[in-house]
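In what follows, chains carry the letters A, B, and so on, assigned in the order in which the sequence lines appear, proteins first and then strands, with residues in each chain numbered from 1.
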Amino acid sequence: MATINKKTVSPAPTSIAETENKTAAQSSTSTADAAMVYATTLLVGTFLGILFTKSEVVRWQRINDMFLFQDSHLYLIIGSAVTVAMLGMFLIRKCKASDIYGKPIRYSPKPFHKGVILGGTAFGAGWAIAGACPGTIYAQLGSGVGLASFTCVGALAGMYLYALTKPHLPH
Amino acid sequence: MATINKKTVSPAPTSIAETENKTAAQSSTSTADAAMVYATTLLVGTFLGILFTKSEVVRWQRINDMFLFQDSHLYLIIGSAVTVAMLGMFLIRKCKASDIYGKPIRYSPKPFHKGVILGGTAFGAGWAIAGACPGTIYAQLGSGVGLASFTCVGALAGMYLYALTKPHLPH
Amino acid sequence: MTDFLLQPWPWWFSGPLIGLTVPLLYLLAGKGFGVSTSLQQLGALCSPGSKLAYLKNYDRRQGAWTLVLALGIAIGGFTGSHWLSAEPIEFLPARFFSVWGAIKLFIGGILIGFGARYAGGCTSGHAITGLANLNPPSLIATIFFFVGGLGVTWGLGHFLF
Amino acid sequence: MTDFLLQPWPWWFSGPLIGLTVPLLYLLAGKGFGVSTSLQQLGALCSPGSKLAYLKNYDRRQGAWTLVLALGIAIGGFTGSHWLSAEPIEFLPARFFSVWGAIKLFIGGILIGFGARYAGGCTSGHAITGLANLNPPSLIATIFFFVGGLGVTWGLGHFLF
């Protein structure tokens with residue numbers, strides 16, 4: 001009975017039925033799209049992990065050398081990465097490119113608040129001490145560096161610390 | 001995007017005045033745009049000329065080695081170039097990117113006719129004899145290879161020959 | 001080819017490719033590049049009953065992709081160090097293989113996790129994606145990343161390292 | 001860096017970058033990549049009173065960019081060979097510096113110019129841009145580029161080279 005009902009309802013020109021059909025069709029595409037998003041994200045992540053490792057930004061010594069001004073390697077990497085990313089974003093904006101699912105690409109600007117300064121300084125200190133940033137922690141773990149689990153657990157503890165203290169911190 | 005623009009503009013009451021304004025604005029922009037097109041084309045050409053030269057596809061010996069199957073260099077270059085170009089065109093299509101002037105990007109497919117086979121074979125023969133294709137002739141000339149002017153004058157003569165014989169050739 | 005690829009990659013080769021991930025992630029997945037959100041995602045996932053607003057109000061489904069990105073980076077790390085390197089990579093200096101070393105990494109980790117979430121992003125979200133999008137707060141964040149890093153290295157370096 | 005850049009560039013470095021020019025030229029200039037049209041442009045420009053339909057009906061203004069691209073390639077050639085090469089590049093083998101060599105280049109040039117225009121494109125327009133856009137006639141053209149090249153090299157090679 002239910003199927004017969006549906007069949008007789010769907011071709012009807014009533015706008016409600018059409019909207020329902022459309023929503024159903026959309027949700028079924030977005031399920032396939034979601035799987036695709038995860039697949040491409042995994043691919044881009046792998047690409048990035050290889051680059052993190054082979055460019056040596058995963059090495060503690062490289063970070064230390066950067067802060068000691070003994071090595072321009074990391075400055076040049078960050079500089080050229082930002083330049084290329086900027087050109088890419090310029091083209092995306094200028095050429096009104098959507099993502100491959102047809103959705104508009106929009107950068108959501110990160111807002112300014114006191115945490116950008118205070119948290120930024122704390123992050124920089126951690127970057128120098130552990131010689132890692134969140135991205136390279138994952139690359140170190142994947143490479144089988146057991147000690148990196150201390151950095152990782154620390155980072156999670158830091159995140160919990162922020163979750164806990166957020167209401168009392170200046171923003 | 002263009003269609004959306006048109007749609008948002010069209011409900012306006014004074015359609016004629018607006019259209020006139022738009023045309024005037026468009027023609028003034030397109031003069032600036034034309035200069036910009038030449039500037040970016042020159043830039044892309046320079047980029048390409050450096051690549052032609054540094055990848056050694058400008059060398060007669062490399063072309064000869066390719067046809068003798070003694071060197072995979074050129075096959076790998078053409079193969080990787082086509083792959084990257086294909087990925088780029090896929091993204092442009094999928095992401096509905098326009099060019100930086102907002103005009104849609106559309107590949108105009110080259111048609112099939114008998115010249116694709118007959119002319120293609122003639123071109124291949126010339127490629128093997130002179131060890132150059134039109135792009136690398138310009139790179140050779142720019143590099144100051146005097147002998148390349150024979151190839152260049154030959155290519156122009158060949159073009160005139162085609163212009164002359166075109167009505168009598170099978171197409 | 002393998003001679004070059006199995007050695008550490010120079011900046012002019014890896015830097016531009018790292019930068020390319022920003023437009024690629026937008027085009028292929030519709031996502032803004034940033035890694036430290038994955039920490040919040042992990043926190044929200046591991047403590048589903050948490051009363052902390054930071055974790056309770058976080059949309060776990062929407063942020064699931066951050067863990068996929070993290071997994072990808074880990075796979076890439078494995079690939080890069082095991083299959084694409086002629087010699088083993090010295091990730092951490094030998095002196096870190098000690099209790100004091102582990103404590104330092106843990107403390108550094110706390111500062112990384114706390115600071116990145118407090119600042120709203122890390123090197124990837126602020127210094128690369130933010131700067132590439134000409135976002136002024138990201139420039140401030142990047143400057144203070146270096147204030148913190150340079151301060152610790154030059155101020156406490158003799159004690160810590 | 002300079003060590004690498006001043007040597008001939010390997011295929012995995014230059015090939016992908018050559019391929020990148022196709023989407024770049026579309027995005028930055030709205031033009032489809034192809035070089036041999038510049039020959040027709042030159043012909044139409046140099047013989048303005050021509051009665052040949054191929055030159056008379058050609059839109060010189062619309063095709064002016066092809067000469068700009070050619071000029072760019074020439075500038076790039078100069079840059080690559082004079083400023084980015086540690087050693088001089090042997091563009092043509094020594095035996096081409098003779099009357100017979102010049103004649104061969106001229107004959108080769110005629111075949112290049114005639115063939116490319118008859119086929120509707122050259123290695124750039126057919127083999128790279130056409131294949132990248134999955135255009136079947138371009139695949140046929142590319143196959144016959146190699147038919148002609150392999151035929152001459154293996155059939156007449158002993159006589160010609």
Side-chain angles (χ1 to χ4, degrees), chain A residues 37-38 40-42 44-46 48-51 53-56 60 67 76-77 80-82 84-86 88-89 99 103 105 107 109-110 112 115-117 119-130 133-135 138-140 142-143 145 150-151 154-155 157-159 161-163 166, chain C residues 8-9 11 14-16 18-19 21-23 25-26 28-30 35-36 39 43 52 54 65 68-70 72-78 80-81 91-92 102 105-106 108-120 122-124 131-133 135 137 140-141 144-145 147-149 152-153:
Chain A
V37 165
Y38 290 142
T40 51
T41 303
L42 193 72
V44 173
T46 307
L48 196 65
I50 292 175
L51 286 162
T53 312
K54 290 303 301 174
S55 69
E56 302 218 310
W60 186 93
F67 283 126
L76 292 166
I77 284 193
S80 57
V82 169
V84 168
M86 206 181 284
M89 294 312 297
D99 62 28
K103 281 184 196 137
I105 291 173
Y107 170 69
K110 290 176 187 289
F112 179 77
V116 170
I117 292 178
T121 309
F123 173 79
W127 190 14
I129 294 172
C133 55
Y138 295 123
Q140 289 178 339
S143 301
V145 183
F150 287 95
T151 327
M159 180 274 304
L161 180 64
Y162 176 63
K166 191 185 175 192
Chain C
W9 294 353
W11 68 268
S14 43
I18 290 175
T21 54
V22 176
L25 197 61
Y26 268 121
L28 298 174
V35 178
S36 70
L39 296 172
L52 297 168
Y54 188 69
W65 70 273
V68 178
L69 184 72
I73 295 175
I75 295 173
F78 182 87
S81 56
F91 287 91
L92 292 161
L105 291 180
F106 182 71
I110 290 178
L111 288 165
I112 289 170
F114 174 79
R117 293 329 296 150
Y118 191 11
C122 61
T123 14
S124 50
L131 286 189
N133 284 286
N135 184 39
I140 298 173
F144 281 93
F145 291 170
V147 167
V152 161
T153 306

Work out which heavy atom in [X] is nearest to a heavy atom in [Y]; give both atom names and the distance.
| X | Y | value |
| --- | --- | --- |
| A:Met89 | C:Ala132 | CB-O, 4.3 Å |
| C:Ser81 | A:Thr53 | N-CG2, 3.8 Å |
| C:Thr123 | C:Phe145 | N-CE1, 3.9 Å |
| C:Leu92 | A:Ala130 | CD2-O, 4.4 Å |
| C:Ala119 | A:Val116 | O-CG2, 3.8 Å |

So for [X], is it side chain, backbone, both, or neither that comes closer than 4.5 Å to the heavy atoms of chain A?
| X | value |
| --- | --- |
| C:Ser36 | both |
| C:Tyr54 | side chain |
| C:Val68 | both |
| C:Leu28 | both |

With respect to chain C, which residue among [options] yields the maximal number of heavy-atom pairs within a distance under 4.5 Å?
| options | result |
| --- | --- |
| A:Ser80, A:Ala139, A:Ala157 | A:Ser80 |
| A:Tyr38, A:Phe150, A:Tyr107, A:Phe112 | A:Tyr107 |
| A:Leu161, A:Leu42, A:Val44 | A:Leu42 |
| A:Ile77, A:Val84, A:Thr46 | A:Thr46 |
| A:Ala128, A:Gly135, A:Ala81 | A:Ala81 |
| A:Gly88, A:Gly124, A:Ser55 | A:Gly124 |

Heavy-atom pair count under 4.5 Å with chain A, highest-scoring of [options]:
| options | value |
| --- | --- |
| C:Val147, C:Leu69, C:Leu131, C:Leu105 | C:Leu105 |
| C:Ala116, C:Ala74, C:Gly30 | C:Ala74 |
| C:Phe78, C:Tyr118, C:Phe114, C:Phe144 | C:Tyr118 |

Just wondering, more than 12 heavy atoms not from A:Phe67 lying within 6.0 Å of its CZ? yes
Run the side-chain contact (heavy atoms from CB on, under 4.5 Å) test against C:Ala29 and tell me which residues pass, sequence neighbours left out. A:Val37, A:Thr40, A:Thr41, C:Leu25, C:Lys31
Quick one: side-chain contact (heavy atoms from CB on, under 4.5 Å) partners of A:Leu51, sequence neighbours excluded? A:Phe47, C:Trp9, C:Ser14, C:Leu17, C:Ile18
Is the side chain of A:Trp60 donor-acceptor paired with the backbone N or O of A:Ile129 at a distance under 3.5 Å, no angle test? yes
Is the backbone of C:Val35 close enough, under 3.5 Å, to the side chain of C:Ser124 for a donor and an acceptor to pair up by distance? yes
What part of A:Val145 lies closer than 4.5 angstrom to a heavy atom of chain C: side chain, backbone, both or neither? side chain
Residue A:Lys103 versus chain C: region with a heavy atom under 4.5 Å: neither
